[in-house]
Structures are given as C-alpha cells and as structure tokens.
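Note sheet for the following structure.
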Amino acid sequence: MCYIKDLYKYEGEEVTIKGWVYNRRSSGKIVFLLIRDGTGIVQVVVSQGKVSEDVFGLCDTIPYESSVIITGRAYKDERAPGGYELSFENIVVVSFAEDYPISLKEHGIEFLMERRHLWLRSRKPLAVMRIRSTCIKAICDFFDSKGFVRLDAPLLTPSACESTTTLFEVPYFDTKAYLSQSGQLYMEAGCMALGRVYCFGPSFRAEKSKTRRHLTEFWQVEPEVAYATLEDVMKLAEGLVEYIVASVLDKNSLELEILERDTKLLKKIKNPFGSITYTEAVNLVDMDWGGDFGAPEETKLSNMFEKPILVTGYPHEIKAFYMKRNPQDDRIALNFDMLAPEGYGEIIGGGQREDDLAKLEERIDEYNLPRKHYEWYLDLRRYGTCPHAGFGLGLERTVAWICGVHHVRETIPFPRTIDRIYP
RNA sequence: UCCCCGGUGGCUCAAUGGUAGAGCGGGUGGCUGUUAACCACUAGGUUGGGGGUUCGAGUCCCUCCCGGGGAGCCA
C-alpha cells in the first residue's frame, strides 16, 4: 500500500494504490486510467495483450469514481501528468460506481453546491481544503510558539455578544440559548486567568447576507491578551497573517498552482503591513466621516495596497459596546480592522477593551443590553481589571484571499448560507 | 428585506412570436501514448408551477416558486 504523493520513492518497484477512478482515456489497444487517492492523481497505463481481454475491457469501461485497488510498477515518464505513472499489473474493483454526475466539464454553482459531498473530490476543492488545513495548523503553531493557551469558548451561550438581531436561537431545556457569534467575552475572562489565550472554532450569525464574504457558520480564531494595548495586538495580528501566508507558500505550492494563484503577490506579504487611521481611510475613498465602510469602499481601500492594511480608530458608534475609547478623542474607539489586498477586504477586527467598570456599565445601558446577562463580564472589571486587547480573524475570508477564490463558500467543506443548509 | 439577472435533455448553453438544437456525459463501434483525448453512429424534452394575450408562446404580460449577483450588516 502506497500513497500517490509518495510514488517517487518507489521508482521501479511494484506498488499497490487504493483509490478511485478519476478519469479514463483509451486509444484502441491502450487504456489510461487516472486514479486519485486523496493525496494525488496518477496515470495507470494498461496495454492490451499484457492482460486478459476481460481485464482490458473492464479497465476500458469502468465507471468514473469506482473504488479500485490497483497494483502496478512505478516509473518516471515525462508524458504522465505528475511525472510518474504506473504500468498496470492487477485491479480489484471494490465497488462499481453509478453514473457520476460531476464531469470534468463546467458546472453551475447551484449544481455543485447541491453535490458538495461529491464536489469535494474534484481538484480545485481538494487544493482549497489542503490550504485551509495548512492555515489552521499555522494559526495553532503561531500562538503555541508565543506561549498562548488554547481555551475554547462555549458555542451555546445565554445571550448576545454583539448585536442581538443576528443570533440563532435554540431551545435549551426550559429556556432558550443562542449559538455563539463570538468567543471574545469568554476570552477576556480567559486572559485574566492565563495571560494569553485564544479560541478557535465556529461562530454563527443569522445575518441575511447574500455576499461572497458571508456564511452563517464560519470559523474564527480569537486571541486575547492581558496587559496588552491596541498597538500590541496590531503587531500580533501582523505576525499571525505573515506566518499563515508563509506556511501556505512553503507547504502548498502544488495546490496554489492548481488554483492558478499568483504567488508573486503572496510573497510580498511581509511585516510591517502599514496602518492608516479611519479618518485617513475615509478621505481616501471619498466618503463622509462617521459611517462604516460599505463593501464597495472596503474593496476600493483593499485594492490600494499591496499588503494587508490596518485601519485604526473607527467612530465608537459603529463598533461594539466593549471597545475602549481613545482617551484623547472620545469619538473614536481603540480598535483596528485588517483589510486583505486584492479586493478581499476585512479579515480581522479587533481592539482594546473597556477595562473601567463604570464606563462599561454605562455602555451596556447605552446599547440597551440586558444587564443581568453581563454581570459575570462586569466581574472581570471588579476583580483585578487591567488593560487588555484582542482580535478575531475570519478563517474562510483568509483562506479565500490566500487561495484567490472569489467566494468564501468554497473555503469551508460544507458551507452554510442564508439559503443553503444541505448537504 | 430591497434592487438586478436567470430557470430549455443528466450537465453547460443555443433557438426574430412560426419544425426545440449543439457540445459534454450515457450507449454502440473505431483507433497502441492519451493529457478535459479524438472520430462515427445512437438514445435522451410536458422549455420551473399556475394563469393570460395570440391563428400560433421557450420567447410577450401577470403571479408564485427556485437559483445567481449585488446592497445593508459583518469575520
């Protein structure tokens, strides 16, 4: 048993691969079987005369995606896609597939999404999923190397973290619970216990968004650091993104090639990224001070820079209640967003948290939030409060940018959107 | 929720208001090195549902359903 990605180690030897029929071509007395096994695709050459008529006929007609165990001799050949191929010795058909609906030709997105469970087997989704996996590992390695403790937040929560209108409600015995839209408040508790913590998992938002940047279930990583300022976590965010991109460039060159990603642009992603204030950004895109950037403005901003750009100091009205305000200018928050280049837009949002009990109580009232649900959170200001800051990075948006795919739905195995919860 | 676009064989798409077609996929046959192989033949359709205009509707009108793109909101 050998994986296709390791074939080069077995040149001249007889090997057995277990996989599926990806494609097949024949030309009279020779059949080419393309077999995939999850690690790669290899071409198997079956010559008439070397095998029985029955076996030759079987190879010539076996349906796509049938599961097969093939034995053959590995050798190098310039003509083979991938550089190595197998000269056929034996085949065991584990299962004959029915007519496979997904061809190598074009399909519409609806057709593919309806068959996401099968579409995952295709070249492009495979490449994206491998890169997603690399990103996840890079994120964990990065925080681990910095001495962070992974402290996962609950997914069932008693109340809103941010706005109450975007929560999925679920029955919880005799009461109601909500699916978490962010682990941040819990990370604030965590950093007061462990100093530097992060959580990594799914978040849920019942936003009725229909855009290429939105999913109702998405993954985010949320670090939170005690005694950190806005500047500290901005540096942390830059380091994280630089590390993720470098990891993908290092481990996934083949996948980036399959995706036809221009790696020259990714190779430029080095610290420092650079930052501008909200006010400067507003002037750059020619809009009025006070509002949040719409998608067109965000895309415009994101296209102005080769590297991700950090935008700081938004008006506090358009940010969450827990954001600390700038002591020099009460109108603006001590926050930042990181916008990815090439039009991909916001991948990170974060900032310094309000650490003063009285001010936080005031904000909770201002935002009309139910005080009793936040008593535990206010405790963090009663018992040893200190400056602290953190951020959240959206995994799917980051993967979409790195892969150069247009829509975030292609960067998660089974996307959940406003009008799709199947398969 | 709002705006725009679309729904035709299994798939991707054609078709001035006038005989519903092509490529791919399926089937059959051919071809000893194919690269989304190619060539020939062949099967396959209540044009999303309902209503209307018309001698005649895939095409025009109304309505509903479904999908796509975008907005708002956000990671």
Side-chain angles (χ1 to χ4, degrees), chain A residues 22-34 41-50 56 60-61 63-65 77-83 85 87 98-115 119 122-123 161-166 180-184 200-222 237 241 291-299 314 318-320 337-340 344-350 391-401 406-409 411-412 417-420:
Chain A
Y22 184 73
N23 195 9
R24 138 175 76 65
R25 294 181 277 270
S26 72
S27 174
K29 304 207 167 45
I30 190 165
V31 172
F32 301 94
L33 287 175
L34 283 124
I41 295 174
V42 68
Q43 174 161 284
V44 178
V45 183
V46 191
S47 303
Q48 196 179 38
K50 286 191 178 178
F56 187 81
D60 198 18
T61 56
Y64 295 153
E65 287 302 320
D77 193 305
E78 290 280 313
R79 294 167 294 184
E85 59 185 25
S87 73
E98 295 179 23
D99 278 352
Y100 191 62
I102 298 178
S103 72
L104 300 177
K105 302 280 180 178
E106 279 181 300
H107 293 288
I109 190 69
E110 183 192 359
F111 181 83
L112 292 170
M113 277 300 167
E114 196 69 16
R115 293 159 185 78
W119 186 28
S122 299
R123 258 192 172 102
C161 166
E162 292 175 9
S163 96
T164 48
T165 55
T166 62
S180 173
Q181 53 185 191
S182 164
Q184 190 214 302
F200 194 4
S203 290
F204 305 88
R205 299 209 181 154
E207 288 159 0
K208 298 199 169 177
S209 303
K210 283 182 64 175
T211 81
R212 70 190 187 96
R213 292 172 182 166
H214 287 87
L215 297 167
T216 54
E217 179 180 321
F218 68 99
W219 280 58
Q220 58 178 343
V221 56
E222 295 173 281
V241 171
D292 206 350
F293 304 110
E297 290 87 17
E298 201 179 286
T299 304
Y314 285 58
I318 57 173
K319 287 292 159 188
D337 278 2
M338 186 190 287
L339 309 184
Y344 281 91
E346 186 180 354
I347 54 171
I348 289 180
F391 62 83
L393 172 138
L395 179 66
E396 286 76 18
R397 289 184 181 180
T398 304
V399 175
W401 161 52
H406 185 253
H407 200 300
V408 290
R409 69 184 161 209
T411 67
I412 188 166
T417 55
I418 180 171
D419 41 28
R420 177 166 298 284

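Per chain, numbering begins at 1; letters A, B, ... match sequence-line order. All values below come from the heavy atoms of this structure, side chains included, with hydrogens, waters and symmetry mates left out.
Look at the C1' atom in both B:A36 and B:U47: the space between them is 29 Å, to the nearest Å. One P atom belongs to B:G48, the other to B:C13, and the distance between them is 15 Å to the nearest Å. On the P atoms, B:U1 is 46 Å away from B:C38, given to the nearest whole Å. For the C1' atom pair drawn from B:G25 and B:U32, the interatomic distance equals 26 Å after rounding to whole Å. Across B:C31 and B:A40, the matching P atoms stand 16 Å from one another, rounded to whole Å. For the P atoms, the distance linking B:C60 with B:C5 amounts to 12 Å, nearest Å. Using P as the reference atom, B:U28 and B:A20 are 31 Å apart when rounded to the nearest Å. If you take atom C1' in B:U46 and the same atom in B:C39, they sit 35 Å apart, rounded to whole Å.
In secondary-structure terms, RNA chain B builds stems of at least 3 consecutive Watson-Crick or G-U pairs, each pair having both distances under 3.5 Å, at B:1-7 with B:65-71, B:10-13 with B:21-24, B:26-30 with B:38-42, B:48-52 with B:60-64.
In the set B:A71, B:A75, B:C66, the nucleotide with an atom closest to the side chain of A:Glu110 is B:C66. Minimum atom distance to the side chain of A:Asp99 is reached by B:G26, of the listed B:C74, B:A75, B:G26. Residue A:Arg212 places its side chain closer to B:G70 than to any other of B:C31, B:G70, B:A75.
Taking a centre distance below 5.5 Å and an interplanar angle below 30 degrees as the stacking criterion, A:Phe32 does not stack against the six-membered base ring of B:G33.
For A:Arg213 and B:G69, the shortest distance from a side-chain N or O to OP1 or OP2 is not below 4.0 Å.
Considering all non-hydrogen atoms of both residues, A:Gly349 and A:Asp337 come closest at CA-OD1, 3.4 Å. Here the closest non-hydrogen pair linking A:Gln48 and A:Phe56 is N-CE1, 3.4 Å. For the residue pair A:Glu207 and A:Thr216, the shortest heavy atom distance occurs at O-CG2, 4.2 Å. The two atoms that bring A:Arg213 and A:Thr299 nearest to each other are NH2-OG1, 3.0 Å, heavy atoms only.
Atom OG of residue A:Ser182 and atom CD of residue A:Glu222 lie 3.5 Å apart, to the nearest 0.5 angstrom.
Under 3.5 Å, the side chain of A:Arg25 and the base of B:C31 form no donor-acceptor pair of N or O atoms.
Listed by chain and residue number, A:Tyr344, A:His406, A:His407 satisfy the side chain to side chain contact (heavy atoms under 4.5 Å, CB included) test with A:Arg212 (two or more places apart in sequence, or in another chain). Under the rule for a side chain to side chain contact (heavy atoms under 4.5 Å, CB included), the partners of A:Glu297 that lie at least two apart in sequence or sit in another chain are A:Val285, A:Met287, A:Phe293.
For A:Gln220 and A:Ser103, each mapped to the nucleotide of RNA chain B holding its nearest heavy atom, the one lying further toward the 5' end belongs to A:Ser103.
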